[in-house]
Q: 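Here's a structure for you.
Quick note: numbers below take in every heavy atom, side chains included, and nothing from hydrogens, waters or symmetry partners.
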Amino acid sequence: MAGHSKWANIKRQKAVVDAKRGKTFTQLSRAIIVAARSGVPDPALNFQLRTAIDKAKAASIPNDNIERAIAKGAGTFGGDHIGLEAIRYEGYGPGGVAILIEALTDNRNRTAADLRMAFSRNGGNLGETGCVSWMFAQKGVCVVQGVVDEEQLLEASLEGDAESYEMTEDETAEVFTDIGNLEILSQTLKDKSFKVTDAELRWIPGNQVEVTDIDQARSLFKLIDTLEGLDDVQNVTANFEMAEELIALTFA
C-alpha cells in the first residue's frame with residue numbers, strides 16, 4: 001500500500017502553506033443532510049451521519065446548524081425539502097493529471113457548468129463519466145493518531161479486517177479496508193484504545209503522475225483550489241505526486 005496516502009499527504013502539506021483548511025459550512029451541512037436522508041436520522045444508528053457530524057463539529061459548526069441539517073435530511077424541517085443528489089465528475093488537469101470530483105447538488109446543470117468553466121480556465125478538461133475513474137479504487141480509511149507501538153496497530157488492524165496500513169507522519173497512520181468494513185474497523189481500533197480522528201471513504205489512485213514543473217504545479221493547485229471552492233463540491237482527488245520542495249516553491 002506504499003504511496004496510497006500520497007495525495008492525502010499533499011493535501012495536508014498544501015493546507016499548511018495555503019491556509020485553507022477543512023470544508024465550508026455549506027459543504028459539511030450538505031454531507032449531514034445526505035447522510036440523514038440515506039439512513040435513519042439518528043447518529044447512534046447511522047455511521048455515515050455520525051462521521052459527518054464529527055467532521056462538522058471539528059470545523060466548529062454550531063450544534064444548531066447540525067441539528068437543522070439533520071432535520072432537513074429527515075424531512076422534518078418545516079416541510080423544507082432539498083433535492084440534493086450525489087454525482088461524481090471526472091476530468092484531466094494540467095499535464096494529464098486525473099481528477100475525480102464528488103459533488104452534492106440540487107441542480108446538476110449548474111454544477112456541470114461551474115466545473116467545466118473551472119477546468120477550462122485552469123488548463124484542464126472536464127471529461128465523460130468513466131474517463132479517469134478506472135484509475136482509482138474506493139477504500140475505507142481510518143486516520144489514527146498517537147501510534148507509539150506499530151506492532152499493536154498491526155494486530156488491531158488485522159483483527160478489524162484491514163487490508164493494510166501506512167505510517168504517514170510521526171505517530172500517525174492511515175489504515176485501509178474494504179468500504180463495507182469501515183465502521184467495523186473504526187470501532188475495533190477504538191476498542192483497542194487507538195485514537196481514530198477520521199473515518200472516511202477515499203478514492204485511491206492506482207498510479208501517480210509526477211509533476212516536476214513549477215508552472216504546471218501552480219496551474220494544477222489553482223484548478224484544485226477553484227474546484228474545492230465551489231459549494232457543490234464535497235471532495236477532490238487527483239493522482240499526482242510532487243516533491244515537498246516543489247510544493248513549498250509553488251506557494252512561495
Side-chain angles (χ1 to χ4, degrees), residues 1-23 28 31-32 35 39 43-61 66 100 102 135-208 210 234-248:
M1 293 291 290
H4 281 199
S5 297
K6 286 183 179 178
W7 169 236
N9 288 340
I10 285 172
K11 291 192 74 171
R12 277 193 291 271
Q13 295 165 37
K14 175 176 168 292
V16 172
V17 294
D18 202 22
K20 292 182 179 178
R21 302 174 185 272
K23 293 290 187 181
L28 289 167
I32 292 173
L45 303 174
N46 185 332
F47 179 67
Q48 181 184 353
L49 176 59
R50 189 162 66 248
T51 301
I53 291 172
D54 288 345
K55 289 183 178 181
K57 288 182 176 179
S60 300
I61 291 183
I66 292 173
L100 281 182
E102 293 171 286
M135 303 182 197
F136 297 79
Q138 194 174 37
K139 296 292 181 182
V141 185
C142 287
V143 180
V144 184
Q145 292 185 346
V147 179
V148 293
D149 189 329
E150 205 171 321
E151 190 67 27
Q152 289 182 358
L153 175 64
L154 175 59
E155 292 177 2
S157 299
L158 290 172
E159 185 172 330
D161 285 333
E163 295 180 353
S164 60
Y165 75 89
E166 182 177 343
M167 299 300 299
T168 57
E169 299 175 46
D170 287 342
E171 299 188 358
T172 300
E174 292 186 338
V175 187
F176 299 85
T177 189
D178 182 79
I179 57 176
N181 188 56
L182 181 58
E183 182 175 6
I184 293 173
L185 174 61
S186 176
Q187 191 58 54
T188 301
L189 292 169
K190 290 176 182 177
D191 290 344
K192 296 296 183 179
S193 300
F194 284 101
K195 183 181 179 182
V196 179
T197 58
D198 198 4
E200 64 180 5
L201 299 181
R202 186 186 302 169
W203 289 97
I204 298 173
N207 56 13
Q208 285 82 30
E210 186 175 7
Q234 293 295 111
N235 189 47
V236 178
T237 306
N239 74 334
F240 71 91
E241 59 182 346
M242 188 182 300
E244 292 183 23
E245 294 81 3
L246 182 57
I247 295 174

Q: Roughly how far apart are Q145 CD and D170 CG, rounded to 0.5 Å?
A: 12.0 Å

Q: Of all the heavy-atom pairs spanning I179 and Q138, show the shortest one and how long it is.
A: CG2-O, 3.4 Å

Q: So, taking the atom named CH2 in W203 and the one named CG in L201, what distance separates them when rounded to the nearest 0.5 Å?
A: 9.5 Å

Q: If you round to the nearest 0.5 Å, how far is CZ of R202 from OG1 of T237?
A: 8.5 Å

Q: Rounded to the nearest 0.5 Å, how far does CD1 of I53 lie from CD of Q48?
A: 11.0 Å

Q: Can a donor-acceptor pair be found, under 3.5 Å and without considering hydrogens, that links the side chain of N181 to the backbone of G160?
A: yes

Q: How far does CG of L189 sit from SG of C142, to the nearest 0.5 angstrom?
A: 5.5 Å

Q: Indicate the atoms forming the closest heavy-atom contact of P43 with L49, along with that distance.
A: N-CD2, 3.7 Å

Q: Do you know which two heavy atoms are closest between I32 and A52, and how far apart they sit?
A: CG1-CB, 3.8 Å

Q: Considering the options V175, T172, T168, which one meets the side-chain contact (heavy atoms from CB on, under 4.5 Å) requirement together with V144?
A: V175

Q: Which value, rounded to the nearest 0.5 Å, describes the distance between F136 atom CZ and L100 atom CG?
A: 4.5 Å

Q: For L182 and A199, work out which heavy atoms get closest and say how close.
A: CD2-C, 4.0 Å

Q: What are the two closest non-hydrogen atoms of L185 and A162, and how far apart are they?
A: CD1-CB, 4.0 Å

Q: For salt bridge (charged side-chain N to carboxylate O under 4.0 Å, His left out), just list the numbers for E200 and K55, CA-CA rounded to whole Å, side-chain angles, deciding distance to a tenth of an Å, and then say yes or no.
A: CA-CA 10 Å; E200 64 180 5; K55 289 183 178 181; 3.4 Å; yes

Q: Of all heavy-atom pairs between L28 and A59, which one has the smallest distance, and what is that distance?
A: CD1-CB, 3.5 Å

Q: Among Q187, E159, E155, exactly one meets side-chain contact (heavy atoms from CB on, under 4.5 Å) together with K192. Which residue is that?
A: E159

